[in-house]
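Each chain gets a letter, A, B and so on, in the order its sequence line appears, and its residues count up from 1.
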Amino acid sequence: MSTIELVQLPQAYFRHSGDQLDIVFGDVKTEFGLARSAWLEGRLLFLGFYEGDEVSGWDAFTKQLVDAKWRDIDHRATELYQALGQQSNRSVWVCGTAFQRSVWEAISNVPKGKTVSYSDIALAIKNPKAARAVGSALGANNIAYWIPCHRAVRGDGSLGGYRWGLSLKTRILSAEATHL
DNA sequence: TGTGGATCTTGTT
DNA sequence: AACAAGATCCACA
């Protein structure tokens with residue numbers, strides 16, 4: 001049983017005052033394709049899959065932390081990803097509203113091989129009519145795959161959306177369904 | 001199958 | 001404070 005802990009990135013980290021953040025970043029080779037990653041204090045801060053040469057949200061993300069010190073660690077990002085990815089207790093940075101964090105917590109509890117609907121999550125976080133907002137919140141998640149937002153599908157069984165490309169969502173889901 | 005209204009959160013103005 | 005835009009859902013034709 002592997003768990004994932006979501007640690008809120010302190011608001012103060014965003015401001016360009018005081019100590020500079022030491023962020024490292026680099027491309028990661030994953031079993032589902034190339035992804036862009038960023039790390040802070042040994043914790044994953046961003047993981048986004050490439051679609052062509054685009055990584056959804058990367059530019060916006062870096063602009064938020066424009067005053068940090070960015071260091072490209074290149075291929076060592078893959079080593080980091082593999083080393084930390086196989087630990088049973090992983091921990092990642094998140095930055096979001098209380099609502100978004102509750103959604104991300106909820107989806108993190110869905111085990112591999114299972115899927116839930118957006119309204120299932122809305123129900124779980126005691127905001128039963130917020131299914132649509134749940135979708136938006138999942139789409140705002142900066143940690144692809146580790147926070148398993150791909151396990152949310154529509155109530156009628158259709159796929160729903162995926163920030164990193166629908167074909168990837170399909171691929172991950174079928175891998176998790178069969179391989180487990 | 002598809003369309004329209006209901007519903008909630010968020011970013012922008 | 002008001003508005004538009006979402007990774008939705010439900011009823012109804």
Open item on the list: Looking at A:Y118 and C:dA7, is any side-chain donor or acceptor paired with a base atom of the opposite kind under 3.5 Å?
Closed with: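 Per atom types, the contact qualifies.
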Open item on the list: Given a 3.5 Å cut-off on both pairing distances, which stems involving DNA chain C, each at least three consecutive Watson-Crick or G-U pairs, are present, if any?
Closed with: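 B:1-6 with C:8-13, B:8-13 with C:1-6 - these are the stems of 3 or more pairs that involve DNA chain C.
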Open item on the list: I want to know whether A:F32 and A:Y145 have ring centres closer than 6.0 Å.
Closed with: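 For A:F32 and A:Y145, the ring centres are under 6.0 Å apart.
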Using every non-hydrogen atom in the two residues, find where [X] and [Y] come nearest and quote the distance to one decimal.
X	Y	result
A:W39	A:L84	CZ3-CD1, 3.6 Å
A:T78	A:D27	OG1-O, 3.5 Å
A:A131	A:A122	N-CB, 3.8 Å

Between [atom2] of [N] and [atom1] of [X], the distance in whole Å:
X	N	atom1	atom2	value
A:L166	C:dG6	CG	C1'	14 Å
A:D120	C:dC9	CG	C1'	12 Å
A:L138	C:dC9	CG	P	11 Å
A:L123	B:dT7	CG	P	17 Å
A:K169	C:dA7	NZ	C1'	6 Å

Task: Flag for A:N109-A:R151: side-chain donor and acceptor within less than 3.5 Å - done: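 A:R151 vs A:N109: no donor-acceptor pair found between side chains.
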Open item on the list: Please check if the number of heavy atoms outside A:R71 that lie under 6.0 Å from its CZ is greater than 12.
Closed with: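 No, the 6.0 Å shell around CZ holds no more than 12 heavy atoms from other groups.
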Task: Between CG on residue A:L65 and CH2 on residue A:W70, distance to nearest 0.5 Å - done: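 Interatomic distance, A:L65 CG to A:W70 CH2, rounded to 0.5 Å: 5.5 Å.
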- [ ] Drop me the distance from A:N89's CG to A:I4's CD1, to the nearest 0.5 angstrom.
- [x]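 Separation between the atoms: 10.0 Å.
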- [ ] Using a 4.5 Å cut-off on heavy atoms from C-beta on, say whether the side chain of A:L6 contacts that of A:R101.
- [x]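 Contact flag for A:R101/A:L6 side chains = no.
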Task: Donor-acceptor under 3.5 Å (A:K29 side chain, A:H75 main chain) - done: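 A pair under 3.5 Å: no.
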Open item on the list: Once you measure the plane-to-plane angle for A:W58 and A:F25, does it fall in the parallel (<30°), tilted (30-60°) or perpendicular (>60°) bin?
Closed with: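 Geometry flag for A:F25 against A:W58: tilted rings.
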Open item on the list: Among residues 139-158 of chain A, which ones have heavy-atom contacts with DNA chain B below 4.0 Å?
Closed with: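 Those residues: none at all.
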Open item on the list: For nucleotides 8-13 of chain B, give me one character per nucleotide, 5' to 3': B if any protein heavy atom sits under 4.0 Å from the base, S if the only such contacts are to the sugar-phosphate, - if neither.
Closed with: BSS---
